[in-house]
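Structure first, then comments.
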Amino acid sequence: MTSRRLVLTRSAALFGAASTGLYLPQLANAQAAKLKVGLMLPYTGTYAQLGVAIENGFRMAINEQGGKLGGREIEFFKVDDESDPSKAIENASKLVQRDKVDVLVGTVHSGVQMGIQKVARDSGVLCLIPNAGVNTATRALCAPNVFRTSFSNAQATQALGKVMAERGVKKTVWISWKYAAGDESFEGFKQSYTAGGGNIIKELSLPFPQVEFQALLTEIAALKPDAVACFFAGGGAAKFIRDYAAAGLKDKIPLYGSGFLTEGVLDAAGPAANGITTALHYSDALATPRNTQFRLAYAKNFRTQPDVYAVQGYDTGLLLIHGANAVKGDLSSKPALYKAMETATIDSPRGKWTMSPAHNPVQDIYLRVVEKNENKVIGIAAKALADSGAGCKMV
Ligand code: PHB
């Protein structure tokens with residue numbers, strides 16, 4: 001009796017809808033449904049601030065276009081990945097299999113990115129990397145559906161090593177966290193610095209995200225290098241800068257780094273950061289109309305100053321908008337979507353950039369020095385720098 005009533009009710013509903021002419025178009029037009037955007041970012045731990053800045057920038061880009069993507073409303077799904085590689089596949093699968101997102105934006109940590117990369121390659125879901133630099137994501141493990149809007153780990157330090165060698169810095173100690181981002185930053189540094197005649201006298205490291213730097217700083221003092229070069233980021237970077245100064249090294253041994261060291265941490269680090277020289281694809285002090293306008297709008301929206309992570313999130317939004325507009329919101333039109341994203345020129349606050357064939361930004365790397373709570377630009381460390389993309393075969 002119940003099932004018969006149900007059948008009757010259903011067919012009446014279908015008949016009613018069909019007779020008004022609404023039924024077929026509504027079901028057929030999948031594009032009318034909301035576009036599902038998954039954000040997989042760290043919202044806790046040493047990279048928490050980075051995740052928030054990326055989300056802010058991403059949302060701001062989309063809100064500037066009326067809050068839609070290719071004419072479609074958006075529904076957001078969020079996961080805190082905790083910068084924990086052991087949970088990465090499970091977290092990415094939640095967004096892709098359970099929530100069925102149309103696009104996955106993530107993440108910050110290179111180890112977690114490896115899990116996302118696997119899920120992206122297995123499922124074919126569109127994946128935009130707003131930070132994590134793990135080289136292989138746009139080298140041997142590249143994929144047509146994965147685009148990076150940030151950098152590869154070797155990019156900034158390759159530019160840094162060249163500058164340090166040119167400056168005549170002879171003996172350097174390298175220090176970083178022991179995981180892909182630290183290791184690959186070191187590789188980029190080593191390649192250009194040693195090619196320029198520099199000598200790396202010691203490579204020091206500690207596990208991510210530890211911040212007990214004391215013993216390592218004592219070792220640096222004993223080694224007496226001409227300079228120290230490093231990769232640290234987020235909360236750990238602020239502590240490293242403070243501890244370096246507190247150990248009495250600041251005025252004795254110049255500190256260099258990939259520019260993440262001084263991003264989003266200048267308030268927390270205070271005067272201890274003055275004089276640190278870094279290389280990065282952005283600087284808060286870039287005096288271009290585009291950057292000025294971006295910084296004012298971001299500060300107004302979020303009551304805080306943007307950093308490189310906010311820019312990368314913003315550019316992820318710009319790239320997605322460009323792709324979604326090209327296919328009028330139908331992200332299942334993959335060849336047209338990928339083509340549009342591959343050929344985009346992103347008018348970023350960092351300066352205009354394009355995609356390499358392996359889907360990594362081709363971009364300028366700025367040389368910066370911290371002065372009065374700002375990363376002042378003192379030159380271009382590398383012009384239109386592309387990652388090698390070694391081993392990338394798009395299939
Ligand atoms: C990374 O793990 O790839 C990573 C994290 C933070 C950064 C840069 C790279 O600032």
Side-chain angles (χ1 to χ4, degrees), residues 40-55 57 81-88 105-117 127-139 141 146 148-160 175-189 205-211 229-241 257-266 268-269 276 278-284 306-313 315-316 350 360-361 363 365-366 368 375 387:
M40 178 161 158
L41 293 166
Y43 295 106
T44 50
T46 201
Y47 288 161
Q49 249 183 271
L50 287 58
V52 171
I54 288 168
E55 179 174 347
D81 69 34
E82 303 165 49
S83 294
D84 184 348
S86 73
K87 298 182 189 156
V105 175
T107 189
V108 167
H109 183 285
S110 276
V112 178
Q113 196 66 45
M114 289 304 285
I116 295 184
Q117 194 77 6
C127 173
L128 306 181
I129 310 176
N131 184 75
V134 62
N135 288 339
T136 190
T138 57
R139 291 192 188 171
L141 290 180
V146 177
R148 180 149 55 198
T149 58
S150 49
F151 54 88
S152 69
N153 281 329
Q155 268 181 313
T157 45
Q158 200 185 319
L160 180 72
I175 178 167
S176 62
W177 278 312
K178 187 85 205 137
Y179 82 103
D183 296 347
E184 294 177 356
S185 298
F186 176 65
E187 272 168 42
F189 177 72
S205 65
L206 71 171
F208 174 87
Q210 286 183 17
V211 290
C230 68
F231 164 83
F232 290 111
K239 175 145 192 312
F240 181 73
I241 294 171
S258 62
F260 307 109
L261 180 67
T262 55
E263 285 298 306
V265 304
L266 292 179
I276 298 176
T278 62
L280 199 66
H281 48 283
Y282 178 65
S283 164
D284 29 3
D307 54 20
V308 72
Y309 309 107
V311 171
Q312 291 167 178
D315 288 4
T316 304
R350 71 181 96 164
N360 190 66
Q363 56 193 340
I365 308 289
Y366 305 98
R368 312 130 24 112
N375 286 293
D387 185 77

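The first residue in the sequence is number 1, and the count goes up from there. Both ligands and their constituent atoms are indexed starting at 1 by order of listing.
Contact check on K87 versus D81 returns no salt bridge, with no Lys/Arg side-chain nitrogen under 4.0 Å from an Asp/Glu carboxylate oxygen.
When only interatomic distances are considered, the shortest N/O to N/O separation between Y47 and ligand 1 does not fall below 3.5 Å. Between G133 and ligand 1, an N or O atom pair is found at a separation short of 3.5 Å. Distances between N or O atoms of S110 and those of ligand 1 include at least one value under 3.5 Å. In terms of N/O distances under 3.5 Å, ligand 1 is approached by Y309.
Side chains of T316 and T149: a donor-acceptor N/O pair is present below 3.5 angstrom, by distance only. Judged purely by distance below 3.5 Å, without hydrogens or angles, the side chains of Y43 and E55 pair a donor atom with an acceptor atom.
Nearest protein neighbour of atom 2 (O) of ligand 1, counting heavy atoms only, is Y179 OH, 2.6 Å. At the top of the distance list for atom 1 (C) of ligand 1, counting protein heavy atoms only, stands V108 O, 3.2 Å. Among protein heavy atoms, atom 7 (C) of ligand 1 sits closest to N131 ND2, 3.6 Å.
Near H109, the atoms of ligand 1 lying under 4.0 angstrom from a non-hydrogen atom of the residue are 2 (O).
Close placement of the Y47 and F208 rings is indicated, their centers lying within 6.0 Å of each other.
Of all the heavy atoms of F151, the ones lying under 4.0 Å from any atom of ligand 1 belong exclusively to the side chain.
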Point to revise | Derivation and outcome, side chain to side chain donor-acceptor pair (under 3.5 Å), residues R368 and S283 | key: CA-CA 7 Å; R368 312 130 24 112; S283 164; 4.9 Å; no

